[in-house]
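A short worksheet on the structure shown next.
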Amino acid sequence: QKEVEQDPGPLSVPEGAIVSLNCTYSNSAFQYFMWYRQYSRKGPELLMYTYSSGNKEDGRFTAQVDKSSKYISLFIRDSQPSDSATYLCAMSANYGGATNKLIFGTGTLLAVQP
Amino acid sequence: DTEVTQTPKHLVMGMTNKKSLKCEQHMGHRAMYWYKQKAKKPPELMFVYSYEKLSINESVPSRFSPECPNSSLLNLHLHALQPEDSALYLCASSQDLSGRGADTQYFGPGTRLTVL
């Protein structure tokens with residue numbers, strides 16, 4: 001079983017839709033959760049970062065973490081064609097004293113149709 | 001400023017060539033990373049430098065040789081690569097608050113490498 005599972009998609013939605021992207025994980029030590037957006041042939045861009053459980057909102061983006069279910073989500077409101085990209089979830093644990101590795105999901109390819 | 005820069009953007013090399021990839025950040029971050037990314041796959045960690053010392057080597061073949069000349073610069077020296085090494089090579093940096101948790105990593109745009 002992979003440590004982080006993410007549906008690869010592709011996910012196609014009409015402009016203006018609410019998009020829900022999800023990851024599940026198995027390692028209960030994960031405490032730090034990130035979402036990256038990656039456009040084709042570009043480097044990943046940090047979108048959202050959350051620590052432990054709860055919600056965090058930034059403009060049209062909301063990140064949600066449910067540690068009891070080992071489930072994280074990214075919601076995109078009023079989706080735009082410019083949101084078309086691959087979305088990668090990533091997470092890490094604090095093992096103390098060492099640089100922590102990010103564990104990535106496989107990425108979900110999102111296409112927002114005009 | 002959350003910018004990580006990488007040069008060159010594209011590189012084509014033969015299997016006998018020696019080349020280097022360069023990465024630079026001016027955010028005061030003390031951890032720097034090299035990743036390899038194949039098409040439709042997530043980034044795959046290769047090396048981590050923490051406070052200019054190599055802290056993680058993910059069993060990368062010796063034809064890849066990292067170097068961290070100072071806290072702002074990271075190089076990846078390439079020699080005798082194989083066609084299967086063709087990929088997007090990404091550099092990232094983070095504050096590395098060792099023992100305090102999250103290393104939110106900021107990525108550069110990558111170098112697209114083709115090995116002929």
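By convention in this document, chain letters (A, B, ...) are assigned in the order of the sequence lines, proteins followed by strands, and residues within each chain are numbered from 1. Not measured: the values here are computed from a predicted model.
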Approximate separation, where rounding is to 0.5 Å, of [X] [atom1] and [Y] [atom2]:
{"X": "A:R41", "Y": "B:Q37", "atom1": "CZ", "atom2": "CD", "value": "11.5 Å"}
{"X": "A:L102", "Y": "B:F107", "atom1": "CG", "atom2": "CZ", "value": "6.5 Å"}
{"X": "A:L109", "Y": "B:K40", "atom1": "CG", "atom2": "NZ", "value": "7.0 Å"}
{"X": "A:Y36", "Y": "B:Y106", "atom1": "OH", "atom2": "OH", "value": "8.0 Å"}

_For the NZ atom on B:K18, are there more than 12 heavy atoms of other groups (residues, nucleotides or ligands in this structure) within a distance under 6.0 Å?_
no
*Flag yes if more than 12 heavy atoms outside A:K67 fall under 6.0 Å of its NZ atom; otherwise flag no.*
yes
Kindly work out whether a path of hydrophobic side-chain contacts (I/L/V/M/F/W/Y, heavy atoms less than 4.5 Å apart) joins [X] to [Y].
{"X": "A:M48", "Y": "A:Y71", "value": "no"}
{"X": "B:W34", "Y": "B:L54", "value": "yes"}
{"X": "A:V65", "Y": "A:F61", "value": "yes"}

*Taking it one step at a time, do B:T104 and A:L46 satisfy side-chain contact (heavy atoms from CB on, under 4.5 Å)?*
CA-CA 8 Å; B:T104 307; A:L46 181 66; 3.0 Å; yes
*Which answer fits B:E44, side chain, backbone, both or neither, if we ask what part of it has an atom under 4.5 Å from a heavy atom of chain A?*
neither
*Pick one of side chain, backbone, both or neither for B:E58, based on which atoms fall under 4.5 Å of a heavy atom in chain A.*
side chain
*Taking all atoms of both residues into account, what is the closest heavy-atom pair of B:P42 and A:G105, and its distance?*
CB-O, 3.2 Å
*Take B:Q105 and A:M34 through the test side-chain contact (heavy atoms from CB on, under 4.5 Å) and record every step on the way to the result.*
CA-CA 9 Å; B:Q105 294 181 25; A:M34 283 141 275; over 6 Å; no
_Region of A:Q38 in contact with chain B, defined by heavy-atom distances below 4.5 Å_ = side chain
